[in-house]
Amino acid sequence: MKEISEEERKWLERLAEPVAELKHIALDIEVYNPKGVMPQPENPEYPIFIISLCGSDGLKKVLVYNLRGDIKEEDIEFDKFEVEVFEDEISLIRRALDIIRDYPILITFNGDSFDLPYILARSKRLGFMEVGDYIERGKNEFRISWGIHIDLYKFFKNVSIKTYAFSGAYDVISLGSIARALINKDKKELPGYFDDLPMKDIIEYGYNDAEITLELTQFNDNLVMKLIVIISRISNMTIDDVTRLSVSNWIRNRIFYLHRIKNYLIPRPDEIREKKWVRHFQPVTKGKKYVGALVIDPKPGIHFNVVVVDFASLYPSILKEYNISYETVNCPHKECMSNLVPETTTWICSRKKGLISEFAGIIRDIRVNVFKRLSKDENIPKAQREFYGVIQRALKVIINALYGVIGADTFQFYYLPAAEAVTLYGRYVIKKAIEKADEMGLEVIYGDTDSLFIKNPDVEKLDNLVTYIKDRYRLQLEIDKIYKYTVLSSRKKNYFGITDNGIVDIKGLMGKKSNTPPYIRDIFYQILDKLRTVEDIGQFKVVKNDIIKIINEAESKLISKDIPLEELVITVTLSKKTDQYTKTTPQHVKAARMLERALGIKLQPGHMIRIIKTKNSEGVAPIELVKSLDQVDSKKYIELLHSTLEQILEVLEIKVNRRRKIATIDENRMSLDKFFKF
DNA sequence: TATAGGCATCCCACCCTATAGAT
DNA sequence: ATCTATAGGGTGGGATGCCT
């Protein structure tokens, strides 16, 4: 391993310091609201009647205010937890606050927007003013006076945490969905409103929420708590802030710190903006700020024995190797002005190492060379290994975001020429790699950003290419995977392949997308399953017939509507409130508005709308309002089936004739001959 | 109080033109 | 012969979900 500096070593040791077991308690409240009315902290007119508490030390308690006066002995007998009953609301709240005061960390799910503000506001309304000694209103959060309040909702909502720490395992940010994804537990749902339910059920429900909330911090040997502490060490931020702010804030804070230890002045954003500010190329996508990655036109066809090589951490490596940082790109030194980024007038400092560049290098090195290695070292006890794994993941979150934040105009050290320099170097090296491959007689059939698909390569030539790139550009090419065969169409970011170990790898195809109806997705996977077995070109002929049979049956079923409604549902995310769609009204928004009218509710952003294509004037309806299969528009589903399958079948020379019109389905039952040309 | 850009797809919203029917 | 309503084609771009 390369020598590391004293500074790096100190940081490394600090990161690896064991995380203390932090005593914490989860809290969840229930407010006795009438049917259909959401309790609002701004107007706390309804009483708090249940406070559930679950502590890391084993405390399990539900405090209940007997507001209906109907609690009987058997209502409060539970094996799992203890119940305390109170005859007035203030006593209930006071008791809860006294208990949680013994814990330095309070855990909630939505505590910033509901539980804590409601307790605060309700107590004040009741005249229990001492509550102010416990709960304090912050700018965008609610704090506890004696310790730390973590709102897990905000933490799990963080995009970096969601995508990089948990690989996007959950999509909806709710206690139920996250619990199912991460701890494989189902949140209990109440079968009705509080008014109609026995107290015993409500109490159990309340406890369940607090228990799940606590477990979200404890699974995998306190993974979440450790992750929070590690990110706090990387970013030099308090736990309160780490759990509420995004990755750009974590990085910003770390970079502040790097300035301080080097005695550098921290520039204001407008000072960076006064530097030379040139954009050299139009972005490919309209509305973007600068040009991004290069995607190679795929060579359509079936390709056997394809080796995929990619640049290891391309953008972080470029940041490090090419000294890119907000202050080194277009630096003030005259002598650096000849050190140009290819095809631009942007120059890069050759006198001083850039802060961000150095940061990228340190993180990349200690992640790969230290923590990743330690996390796989069999000689280290398992628990310790897993801890190193957590550190490695936290570093990955940071390194993955580093290039992105430089190109984000909300970031304190945003500098467009620096971001553009990264992507331009990326485009440059991948082009050079392809040129070299061509020269060596290696056939590149596709590539995206940092990868090259090389058909049937000679091993020695491949080695030479890797060496060439390493020597010439200081970047590491490595083999990512090998496809027994891969099927490319003319579409970029759309292909599938069967790896050498028999895994079907699907990228970007419609059949895989979450907004494809389950029925069509299933047909799609059935076809891919047939293709999985293919070893050579001759076997395609055999499976082709099976595939045609599958499609034929699927069409028949769609026409005769012999499919459960659930299988035809198209799930789409509502990303804004329904009245905020002003330019167009997409189908799912039409359906969402219908649902809002029918149920008298307001749907919130993030809600998954489940639509069915129907024969009404709108052409769509939410599944909740579709009474019978007769309303289903079979024609639309057949069109959808065809366009989904076309992506894989056109290359296999099974042509789906999409333009064909189907006037009336009954009389015009399509035969295969009409649909496929061989 | 959003880390980046590139790409495929569906379909809405709008413009234009061909056509049938009205004047 | 000219005008008008309407259907259908063409197109640009909004929205979503994906890839790296």
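Note on naming: letters A, B, ... go to the chains in the order of the sequence lines (proteins, then strands), and numbering restarts at 1 for each one. Note that the coordinates shown come from a computational prediction; the quantities given were computed from them, not determined experimentally.
Where Val295(A) and Arg244(A) meet DNA chain B, the nucleotide closest to each residue was compared, and Arg244(A) sits on the side nearer the 5' end.
Contact check, Lys590(A) against dC12(B): a side-chain N or O comes under 4.0 Å of OP1 or OP2. Close to dG5(B), at under 4.0 Å from its OP1 or OP2, lies a side-chain N or O of Lys289(A). For Gln587(A) and dC10(B), the shortest distance from a side-chain N or O to OP1 or OP2 is not below 4.0 Å. Contact check, Ser248(A) against dT3(B): a side-chain N or O comes under 4.0 Å of OP1 or OP2. At the phosphate of dT3(B), OP1 or OP2 sits under 4.0 Å from a side-chain N or O atom of Ser246(A).
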Per-nt protein contacts along nucleotides 10-18 of chain C (heavy atom under 4.0 Å; B base, S backbone sugar-phosphate only, - none) come out as ---SSSSBS

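For the ring-ring contact (aromatic ring centres under 6.0 Å, His included) test, residues two or more places apart in sequence or in another chain that qualify with Phe411(A) are Phe413(A). Every residue was checked against the salt bridge (charged side-chain N to carboxylate O under 4.0 Å, His left out) condition with Glu136(A), not counting sequence neighbours, and none meets it. With sequence neighbours excluded, the residues that form a side-chain contact (heavy atoms from CB on, under 4.5 Å) with Ser317(A) are Ser313(A), Arg364(A), Leu475(A).
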Which is it for Tyr519(A) and Tyr637(A) under the ring pair (Phe, Tyr, Trp, His ring centres under 6.0 Å) test, yes or no, and what are the steps along the way? CA-CA 10 Å; Tyr519(A) 184 73; Tyr637(A) 280 97; 9.0 Å; no

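Taking the ring axis of Tyr581(A) as reference, the NZ or CZ atom of Lys576(A) stays within 45° of it and closer than 6.0 Å to the ring centre.
Between His259(A) and Tyr326(A), the angle of the ring planes stays under 30°, which puts this pair in the parallel group of the 30/60° scheme.
In this structure, of dC12(B), dT20(C), dT1(B), it is dT1(B) that holds the atom nearest to the side chain of Asn140(A). Taking only side-chain atoms of Tyr290(A), from C-beta outward, the nucleotide of dA8(B), dG5(B), dT3(B) with the closest atom is dG5(B). Comparing dC7(B), dT3(B), dC12(B) against the side chain of Val159(A) picks out dT3(B) as the nearest. Closest to the side chain of Pro283(A), out of dG6(B), dA8(B), dT3(B), is dG6(B). For Tyr495(A), the listed nucleotide lying nearest its side chain is dT20(C); candidates were dT20(C), dA4(B), dT9(B).
Looking at Leu424(A) and Thr346(A), their side chains never come closer than 4.5 Å, going by heavy atoms from C-beta outward.
Put simply, CG on Leu314(A) is 16 Å from P on dG5(B), counting in whole angstrom units. Atom-to-atom, CD1 of Ile231(A) to C1' of dT3(B) comes out at 14 Å; the value is rounded to the nearest Å. If you measure from atom CG of Asn158(A) to atom P of dT1(B), you get 13 Å, rounded to the nearest angstrom. When the C1' atom of dT20(C) is taken as reference, atom NZ of Lys481(A) falls 11 Å away, rounded to whole Å. Spacing between atom NZ of Lys492(A) and atom P of dT20(C) amounts to 14 Å, rounded to whole angstrom units. Rounded to a whole Å, the CD1 atom of Ile430(A) is 11 Å from the P atom of dT20(C). Here the C1' atom of nucleotide dT1(B) and the CZ atom of Arg252(A) are 12 Å apart, to the nearest Å. Per the geometry, CZ belonging to Arg427(A) stands 13 Å off C1' belonging to dT20(C), to the nearest Å.
Side-chain contact check for Tyr290(A) and Lys288(A): no donor-acceptor pair (N or O, by modelled atom type) lies under 3.5 Å.
Between Lys320(A) and Asp365(A) there is a salt bridge, with a side-chain nitrogen of the basic residue lying less than 4.0 Å from a carboxylate oxygen of the acidic one. Ion pair Asp241(A)/Arg244(A) not flagged as a salt bridge, since none of the NZ, NE, NH1 or NH2 atoms sits closer than 4.0 Å to an Asp/Glu carboxylate oxygen.
If you check every strand for non-hydrogen atoms under 4.0 Å, Gly292(A) touches sugar and phosphate atoms only. Within 4.0 Å (heavy atoms only), Thr285(A) reaches at least one base atom of the nucleic acid.
Each side-chain hydrogen bond (donor to acceptor under 3.5 Å, both in side chains) pair with one or both residues in residues 415-437 of chain A, not counting sequence neighbours, appears once here: His280(A)-Glu420(A), Asn330(A)-Tyr415(A), Lys436(A)-Glu439(A).
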Report the secondary structure of DNA chain B in dot-bracket form, marking unpaired bases with a dot and bases paired to a different strand with |, and treating Watson-Crick or G-U pairs with both distances under 3.5 Å as paired. ...||||||||||||||||||||

